[in-house]
There are 2 protein chains.
Amino acid sequence: EGAVVSSVSVDENQAKISVFRVPDRPGIAAKLFQALGSENINVDMIVQNVGRDNHADISFTVNLTDLEKALSLTREVAGCLGAERVSADDDIAKVSIIGIGMMNHPGVAGRMFQALARAGVNIEMISTSEIKISCVVRRADAQKSLEAAHREFIEKN
Amino acid sequence: EGAVVSSVSVDENQAKISVFRVPDRPGIAAKLFQALGSENINVDMIVQNVGRDNHADISFTVNLTDLEKALSLTREVAGCLGAERVSADDDIAKVSIIGIGMMNHPGVAGRMFQALARAGVNIEMISTSEIKISCVVRRADAQKSLEAAHREFIEKN
Ligand SMILES: C[C@@H](O)[C@H](N)C(=O)O
Ligand SMILES: C[C@@H](O)[C@H](N)C(=O)O
């Protein structure tokens, strides 16, 4: 079979913001992201996992240069939404593998996660599409993560 | 500006599995997804948000036809990992908008979430990449969600 993963990359210019325990009902995600959009803040990853007891956490990443503006806007909106708290983290890196139809290749995700694990890297967030698997890790692990993914997917093929 | 979103879709043939409160340390995601991969189970979305007190939740979707096998395997692995519990949900739909460089168009995500909100649809999970924003909703909301996204992005352009 041909190489499934065509490239690996790491982005060290992002920050993440998390909004904890927003009400899990229609209109909440809309309010937050409409506010960010109206200020022309580019959002890259958006991650929300299943909620519990009618509340959910929503995290997203922005360019480091937009962090201050995004954070103050998020705090404002989160206050209106009744969120428990907002956190910001400018010490992240986003490591990604890109390929075609990766989701039809069982095992690709496991290989990526194992490559990071072998390098001692903790995976803090995961978001996927058919063409991309992205993991948020510590900024200090950026190069180590890129090399691990490169060894696993580019050098072996 | 040209249309950013080129198509909208809904997938009613998926189920989700969530593994709650796994240890948030290297190797955990690897174990779970290597196991699924070794059984040739195709995984579509994988979502993990930031953890709390050293534990994280990991959710993923599979084809309905793979649910039984995926669930029993996940329960096995989750047991070894010390997860608090595993849940399965075969009543979901995944609604997506697809486009080019969506993440450079602030406001696209907000428009999608607002379209769903206006239709009274609750967003249960969110996962994104530059070319795709996907939301997990109730299966019963599948058509309503597709129509809302279509009205917002295809009919307006
Ligand atoms: C948490 C948030 O996604 C909410 N469920 C909404 O639909 O907006
Ligand atoms: C929770 C899981 O992603 C863990 N942090 C890992 O690196 O495998």
Side-chain angles (χ1 to χ4, degrees), chain A residues 16 18 20 24-30 32-52 56-59 87 89 103-111 113-136, chain B residues 16 18 20 24-30 32-52 56-59 87 89 103-111 113-136:
Chain A
K16 76 163 147 74
S18 294
F20 293 98
D24 191 5
R25 59 165 190 261
I28 301 294
L32 175 59
F33 290 97
Q34 282 184 316
L36 293 163
S38 69
E39 294 291 321
N40 277 312
I41 295 167
N42 280 316
V43 169
D44 184 34
M45 281 171 92
I46 301 172
V47 171
Q48 176 187 320
N49 204 343
V50 297
R52 52 174 79 196
D57 303 333
I58 304 177
S59 297
S87 72
D89 183 352
M103 295 310 165
N104 292 324
H105 284 82
V108 171
R111 285 173 61 195
F113 303 152
Q114 177 61 7
L116 294 177
R118 260 199 316 268
V121 175
N122 193 46
I123 299 166
E124 303 181 359
M125 283 168 71
I126 302 169
S127 189
T128 62
S129 72
E130 292 92 322
I131 67 157
K132 194 171 194 174
I133 299 177
S134 290
C135 295
V136 168
Chain B
K16 76 164 146 72
S18 295
F20 293 98
D24 191 4
R25 60 166 190 259
I28 301 295
L32 175 60
F33 290 97
Q34 282 185 314
L36 292 164
S38 69
E39 293 293 320
N40 277 313
I41 295 167
N42 280 315
V43 169
D44 185 35
M45 281 171 93
I46 301 172
V47 171
Q48 176 186 322
N49 203 343
V50 297
R52 51 173 80 194
D57 302 333
I58 304 177
S59 297
S87 72
D89 182 351
M103 295 310 163
N104 292 324
H105 285 81
V108 171
R111 283 172 63 194
F113 303 152
Q114 177 60 7
L116 294 176
R118 260 200 314 268
V121 176
N122 193 47
I123 298 166
E124 303 181 359
M125 284 169 70
I126 302 169
S127 188
T128 62
S129 72
E130 293 92 323
I131 67 157
K132 194 171 194 176
I133 300 176
S134 289
C135 294
V136 168

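Sequence lines set the chain letters: A, B, ... in the order given, protein chains first and strands last, and positions in each chain run from 1.
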Novice: Measure from the side-chain N and O atoms of B:N40 to the backbone N and O of A:P106, and report whether any donor-acceptor pair falls under 3.5 Å.
Specialist: no
Novice: What salt bridge (Lys or Arg N to Asp or Glu O under 4.0 Å) pairs are there with at least one residue in residues 117-128 of chain B, not counting sequence neighbours?
Specialist: B:R118-B:E152, B:E124-B:R138
Novice: Tell me, side chain or backbone of B:A29 under 4.5 Å from chain A's heavy atoms, or both, or neither?
Specialist: both
Novice: Tell me, side chain or backbone of A:I41 under 4.5 Å from chain B's heavy atoms, or both, or neither?
Specialist: backbone
Novice: Mind checking what makes salt bridge (Lys or Arg N to Asp or Glu O under 4.0 Å) contact with A:E39, not counting sequence neighbours?
Specialist: none
Novice: Under 4.5 Å between any side-chain heavy atoms of B:V47 and A:I126, yes or no?
Specialist: no
Novice: Just by modelled atom types, is the B:I123 backbone N or O under 3.5 Å from a matching donor or acceptor in the A:Q48 side chain?
Specialist: yes
Novice: For B:I131, which atoms come within 4.5 Å of any heavy atom of chain A: side chain, backbone, both, or neither?
Specialist: side chain
Novice: Where does A:S18 contact chain B at under 4.5 Å (heavy atoms): side chain, backbone, both or neither?
Specialist: side chain
Novice: Is there side-chain contact between B:K132 and A:E130, with heavy atoms separated by less than 4.5 Å?
Specialist: yes
Novice: Which of the residues A:L32, A:I133, A:D57, A:V108 is involved in the greatest number of heavy-atom pairs with chain B at under 4.5 angstrom?
Specialist: A:D57
Novice: Under 4.5 Å heavy-atom distance to chain B, tell me which part of A:V50 shows up: side chain, backbone, both or neither.
Specialist: both
Novice: Please report the closest heavy-atom contact between B:A30 and A:Q114, naming both atoms and the distance.
Specialist: CB-OE1, 3.3 Å
Novice: Would you say the side chain of B:F20 lies within less than 4.5 Å of the side chain of A:R52, judging by non-hydrogen atoms?
Specialist: yes
Novice: For A:I28, is it the side chain, the backbone, both, or neither that has a heavy atom closer than 4.5 Å to a heavy atom of chain B?
Specialist: neither
Novice: Quick one: closest heavy-atom pair of A:T128 and B:I46, and the distance?
Specialist: OG1-N, 2.8 Å
Novice: Taking A:G51, A:G107, A:S127 one by one, which has the highest count of heavy-atom pairs under 4.5 Å against chain B?
Specialist: A:S127
